[in-house]
Amino acid sequence: MSKVLFASVELEKLDASCSLPSKFSRMLDATNIKNVVPGKTVAIKMHLGREIGYTTIHPMFVKILVSKVKEWGGKVYITDNEIESAADRGYTAEALGCPIVSACGETGKYYIEKKIDYKSLKDIDVAGHIADADVLIDLSHVKGHGACGFGGAVKNISMGCVSDRTRQETHGLEGGIIWDESKCVHCGACVSNCNHKANSFNEEGKYEVFYHHCTYCHHCVKVCPTGAIQIDPNHGYEDFQMGMAKTTQKCLEGFEKGHIFFINFLVNMTLVCDCWGFTTPNIVPDVGILASEDIVSIEKASLDMIKTENFNPASLPKGQKLYEVDGHLLEKLHGKNPFIQLDALEKIGMGENKYELEEIK
C-alpha cells in the first residue's frame with residue numbers, strides 16, 4: 001500500500017513545536033523531496049485564489065515549503081493560471097522567496113498540446129511552466145466543488161495545469177445548462193456571479209449562455225434562488241470525473257517516476273471552490289495536512305477524514321439543506337459521489353485507493 005503522511009492540527013501541549021507549521025516542516029523532512037530536488041527545477045502548483053477569498057493555503061506554509069526546497073538545492077517557482085490578485089493574500093515573490101509565474105504564460109498561450117479522444121474532450125493543453133519543471137509539488141487546498149463534489153489534488157492539476165480551452169472542454173463533458181423560464185424571476189444573480197461573463201439576458205428577457213466562455217463551474221446554478229438554472233440530467237457527471245482523471249494523467253506523464261509529490265491541506269474547508277472569489281464558513285473543523293507520492297491514496301485519505309458527523313450547518317446559505325442521499329458528506333452537499341474521480345484514476349493506473357497512514361508527531 002502507498003504511504004500517506006499525516007500532520008494533525010491537534011495539539012499535544014501549548015508549545016510551538018506541536019503546532020501545525022512545525023509539524024509541516026517535519027513532514028517535509030520525512031518525504032523524499034530532499035533526495036530528488038537537488039539541481040532540479042521545481043514547480044509548486046497551487047491555487048492562489050481570487051478577489052476577496054481568504055481561505056487558500058496560508059503563505060506561512062508556502063514559505064516553509066519554498067525554503068526547504070531551496071535549502072535542498074532546488075530551483076523553485078510557484079505557478080497557477082490566475083496570479084493577478086495573488087498579492088492580496090500575501091503571495092508575493094518577496095514574501096515567499098521565489099518567483100510566481102502564470103502557468104500558461106502572460107498571454108495564456110504557452111502550453112504543450114496533446115491529443116486525446118474521450119467524447120468531447122479532444123485536446124489536453126499542458127501548461128508550459130508545468131511541463132518545463134523537472135519536479136512537481138502539487139500543493140492543494142481541499143474543499144467542496146459544485147462540478148465534481150470534491151476539490152483536491154486532482155482538481156488542482158486537471159483544472160489548474162491546463163489552458164482555458166482544455167478547462168472548457170473538460171467541463172463540457174458534464175452536459176449543457178438548462179434554463180426554466182417559468183421559474184426565473186430575472187434577479188440577475190446568475191449573471192453577476194459569472195466569473196467569465198458567459199451568460200446574459202437578451203432583449204426579450206431570455207437567458208443565454210456563451211459556451212465559448214462558459215467553464216461549467218456551476219456558479220450560476222448555485223446562486224439561482226428559484227432553481228431556474230440546472231445542469232442537463234441527461235449528461236452524467238461521471239464523464240466529467242473521467243475527463244479530470246485523463247487530463248491529470250496527461251499533465252503528469254512527462255515527469256520521471258518519483259518526481260511528483262502531493263500535499264493536501266485539510267484546513268479552512270469550504271462548501272465551494274476558491275475560484276468563487278469569496279470565502280464561506282468551514283464545512284467541518286480543521287483536520288491537518290497530508291502528503292504522499294500517490295495521488296489516489298492522498299485523495300482517498302482526504303475524503304476519509306471529512307466526516308458527516310462533524311458537519312457545520314452554518315456553512316450552508318440560509319435555507320439550503322443537505323441532499324437526502326447516502327454516502328459521503330460532500331455528496332450530501334453537492335449531490336455527486338466524490339470517489340468516482342478516484343476510481344477513474346485507479347482504473348487508468350494512476351494510483352491505488354488503499355493506503356497506509358503515518359502520523360507526524
Side-chain angles (χ1 to χ4, degrees), residues 47 118-121 140-160 167-178 190 193 214-224 227-248 264 266 269-276 280 282-284 295-296 298-313 315-317 320-348 350-351 353:
H47 197 312
Y118 180 69
K119 301 191 175 183
S120 62
L121 183 60
S140 298
H141 173 220
V142 171
K143 61 272 177 186
H145 197 282
C148 52
F150 167 63
V154 179
K155 187 267 176 187
N156 193 32
I157 293 171
S158 62
M159 295 290 135
R167 199 156 39 249
Q168 178 183 347
E169 286 190 3
T170 305
H171 271 299
L173 289 168
E174 191 166 4
I177 294 173
I178 299 174
C190 52
N193 281 278
C214 179
T215 65
Y216 297 88
C217 65
H218 286 205
H219 288 199
C220 57
V221 177
K222 287 288 185 181
V223 301
C224 180
I229 303 174
Q230 297 292 332
I231 294 296
D232 187 346
N234 294 319
H235 292 77
Y237 68 92
E238 293 88 351
D239 287 342
F240 174 65
Q241 305 272 38
M242 179 58 78
M244 290 177 66
K246 288 181 175 291
T247 300
T248 298
N264 280 8
L266 280 73
M269 290 177 282
T270 53
L271 174 66
V272 294
C273 180
D274 299 320
C275 65
W276 278 63
T280 57
N282 292 4
I283 56 174
V284 293
I295 189 172
V296 181
I298 195 171
E299 298 281 75
K300 178 63 163 58
S302 298
L303 287 169
D304 287 346
M305 291 183 173
I306 301 172
K307 306 290 188 180
T308 299
E309 56 265 31
N310 296 329
F311 173 61
N312 171 24
S315 64
L316 294 178
Q320 184 172 328
K321 298 180 180 180
L322 296 177
Y323 285 95
E324 295 182 1
V325 297
D326 295 327
H328 194 273
L329 172 59
L330 293 175
E331 186 169 3
K332 297 177 188 293
L333 287 168
H334 293 289
K336 298 178 176 67
N337 180 356
F339 294 101
I340 289 179
Q341 58 185 279
L342 308 189
D343 294 338
L345 281 168
E346 188 173 49
K347 183 177 180 180
I348 59 177
M350 294 293 293
N353 275 296

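Note that CG of L303 is 9.0 Å distant from CG of N337, once rounded to the nearest 0.5 Å. Residue K307 holds its NZ atom at 8.0 Å from NE2 of H328, rounded to the nearest 0.5 Å. One distance of note links CG of N282 with NZ of K143; it measures 13.5 Å at 0.5 Å rounding.
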Review point. Step by step, would you call D304 with K300 a salt bridge (charged side-chain N to carboxylate O under 4.0 Å, His left out)?
Key: CA-CA 6 Å; D304 287 346; K300 178 63 163 58; 3.0 Å; yes
**Study point:** Chi angles and distances behind the side chain to side chain contact (heavy atoms under 4.5 Å, CB included) call for T247, V154
**Key:** CA-CA 9 Å; T247 300; V154 179; over 6 Å; no
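Side-chain atoms of N310 do not come within 3.5 Å of backbone N or O of V284 as any donor-acceptor pair. A donor-acceptor pair under 3.5 Å links the side-chain atoms of E299 to the main chain of A153, judged by distance alone. E346 places a side-chain N or O within 3.5 Å of a backbone atom of N353 that can act as its donor or acceptor partner. Of the possible polar contacts, one joining the T270 side chain to the V272 backbone as a donor-acceptor pair under 3.5 Å is found.
Under the side chain to side chain donor-acceptor pair (under 3.5 Å) rule, D274 has a single partner from H145, H141, H47, which is H141.
Side-chain polar atoms of K222 and H334 form a donor-acceptor pair below 3.5 angstrom.
M159 approaches M244 most closely through the heavy-atom pair CE-CG, 4.2 Å.
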